[in-house]
Amino acid sequence: FDKTPFYGEMGGQVGDTGTAVSQSGEVLNIVNTIKENNLTIHIADRLPEGDDKVYDLKVDVCRRCAVSANHTATHLLDFALREALGTHVEQKGSYVCADYFRFDFSHFEKVSPEVLRQVERRVNELIRLDNHIEEHREATMDEAKAMGAIALFGEKYGDKVRVVKFGDSVELCGGVHAHSTGNIGSFRIISEGAVAAGVRRIEAVTGLAAETSVEKLEDTVAELKSIVGGSGDLTAAINKLIAQNAAYKKTIEEAEKQKAKALKKELAASAETVNGHKLIVLTESLDPALVRNIALEIGKEEGSVAFVAAFEFNERPQLLLLYSQDLVSAGKNASTDIKAAAKEILGGGGGNAQMASAGGKNVSGLAAALKALKEIASK
């Protein structure tokens, strides 16, 4: 088109969407707008059927307003970050859409939660001031500098630039903006993290998206209170549950150790002697963690022993092989020896010379794997 109200994607800001309506009433959905060779290109869902020369272009106003609010918020965030962290902060990139925005900036360390809260409060304070936009569309670079405008590092600017001012925030910018900061509504930081050496990224939301994020947090808190019995002091209730869980876990671990010791005694009683050392075999379906504890008990209390386990747990084949330290010193290696048997169950394993384990996919191969392990351990 020879002229258009649609903003073409550039500078990190997404392009407008909307409709193009012909004189004959045909409606084309504009799904994106981009800039190519200094031309505004409208991406439609299909080509027009007629040959109309004049179209009525209608921007999706609600989406445009949301994008504008987020774009203006990047300026306020930049200003607040420079206040809180120092003037070394420079914008290194951004992405602005209707749902959220991200803002990349130079800084040498993680921004603490306290400072992020300070920045968030400052941006919301600037929003409440409801400063109206002041534009200078044909300023020279000297005039822009005289106004204190901040330029995007590495960006190429022409002879004439656009200066956008909201109160004390003054930047060179070509994007769409809210008419006043009050139109942003509210602002919330969602995350902060590193994206490159010396470059941090903040993701944030404004307006309805900010309200929704708060509502989700409130719903989560309410659900947690319900889980812990409607406690008014949620932190204390959660800490109490953590302490109780730690105590229960300790009790269970002690019970598992006692169970492992009892099973170890039963297995040791049925051990057979092969090639000058004892061979203990387990085929019962047990939790792999319990089998490992049994192996540790055997290795700790029994001398000159090989322990072989081949069993099914949760419909998956499991193998374990342990050698006492004297057998390891004589050249045995559990990590190496278990690999051949693991092939029978279509799996792989690992560990160290004294103890190794393996899991697989082929339960029907357990008998062959057990036979292989017993042959290896008996040598």
Side-chain angles (χ1 to χ4, degrees), residues 7 9-17 59-87 89-107 111 113 115-135 148-153 155 162-193 195 199-217:
Y7 178 84
E9 180 179 337
M10 61 179 175
Q13 181 184 310
V14 297
D16 278 328
T17 61
V59 174
D60 183 336
V61 176
C62 291
R63 181 176 179 275
R64 162 75 79 83
C65 287
V67 173
S68 300
N70 281 336
H71 195 164
T72 300
T74 66
H75 286 219
L76 303 186
L77 175 60
D78 192 10
F79 181 83
L81 284 169
R82 288 168 64 85
E83 272 190 345
L85 301 176
T87 54
V89 169
E90 289 184 340
Q91 181 179 343
K92 294 297 183 180
S94 67
Y95 174 75
V96 180
C97 65
D99 299 324
Y100 78 104
F101 72 87
R102 63 174 183 251
F103 184 82
D104 298 347
F105 59 99
S106 56
H107 191 53
V111 183
V115 173
L116 283 177
R117 179 62 59 84
Q118 174 188 338
V119 168
E120 187 176 79
R121 285 177 174 173
R122 180 58 170 144
V123 171
N124 279 305
E125 180 184 10
L126 295 171
I127 289 172
R128 289 191 296 272
L129 289 175
D130 197 26
N131 287 313
H132 285 248
I133 187 172
E134 294 181 34
E135 289 183 89
I150 298 173
L152 185 61
F153 179 78
E155 189 77 11
R162 176 180 178 232
V163 179
V164 175
K165 185 175 185 294
F166 289 96
D168 294 330
S169 168
V170 188
E171 296 193 23
L172 300 183
C173 185
V176 296
H177 282 280
H179 295 299
S180 68
T181 60
N183 293 147
I184 298 172
S186 59
F187 166 85
R188 283 206 75 247
I189 293 174
I190 301 302
S191 67
E192 188 274 344
V195 290
V199 179
R200 311 292 300 179
R201 171 174 292 173
I202 284 177
E203 293 190 349
V205 289
T206 65
L208 180 59
E211 293 173 15
T212 301
S213 71
V214 173
E215 289 169 354
K216 286 182 178 179
L217 285 176

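Hydrogens, waters and symmetry mates are skipped; everything else that's a heavy atom, side chains included, is used. Note that this is a predicted model, so its numbers are computed, not measured. One-based numbering along the sequence shown.
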Minimum heavy-atom separation for [X] to [Y], with atom names?
X    : Y    : value
S213 : V205 : OG-CG2, 4.2 Å
L77  : V123 : CA-CG2, 3.9 Å
S169 : L76  : CB-CD2, 4.5 Å
T206 : F101 : CG2-CE2, 4.1 Å
R82  : T87  : NH1-O, 3.4 Å

What distance separates [X] [atom1] from [Y] [atom2], expressed to the nearest 0.5 Å?
X    : Y    : atom1 : atom2 : result
E203 : D104 : CD    : CG    : 9.0 Å
C65  : I184 : SG    : CD1   : 12.0 Å
N70  : H75  : CG    : NE2   : 12.0 Å

Quiz item: Looking at residues at least two apart in the chain, or sitting in another chain, which of them share a side-chain contact (heavy atoms from CB on, under 4.5 Å) with E120?
Solution: R117, N124, F187, R188, I189
Quiz prompt | Residues that C97 engages under side-chain contact (heavy atoms from CB on, under 4.5 Å), provided they are two or more places apart | solution = V14, Y95, D99, Y100
Less than 4.5 Å apart, side chain to side chain, heavy atoms only: is that true for [X] and [Y]?
X    : Y    : answer
T181 : L126 : no
T72  : I133 : no
T74  : Q91  : no
V163 : L172 : yes
V164 : E171 : no
L129 : F166 : no

Self-check item: Neighbour count above 12 (heavy atom, 6.0 Å) for D168 CG
Solution: no
Polar side-chain atom of [X] near backbone of [Y] as donor-acceptor pair, under 3.5 Å:
X    : Y    : value
R162 : G175 : yes
S94  : G12  : no
S68  : A178 : no
D16  : Y7   : yes
Q13  : V176 : yes

Quiz item: Do the ring planes of H177 and H71 sit parallel (below 30°), tilted (30 to 60°) or perpendicular (above 60°)?
Solution: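 The rings of H177 and H71 sit tilted, inter-plane angle from 30° to 60°.
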Practice problem: Measure up the F103 and F105 rings against each other and bin them: parallel (under 30°), tilted (30 to 60°), perpendicular (over 60°). | Solution: parallel
Quiz item: Side chains of S180 and D130: donor-acceptor distance under 3.5 Å anywhere?
Solution: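 The criterion, which ignores hydrogens and geometry beyond distance, is satisfied for D130 and S180.
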Self-check item: Pairing of E125 and R128 as salt bridge, 4.0 angstrom limit
Solution: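 Not counted as a salt bridge, because no side-chain N and carboxylate O are separated by less than 4.0 Å.
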Self-check item: Trace of the side-chain contact (heavy atoms from CB on, under 4.5 Å) decision for V115 with V119
Solution: CA-CA 6 Å; V115 173; V119 168; 4.2 Å; yes
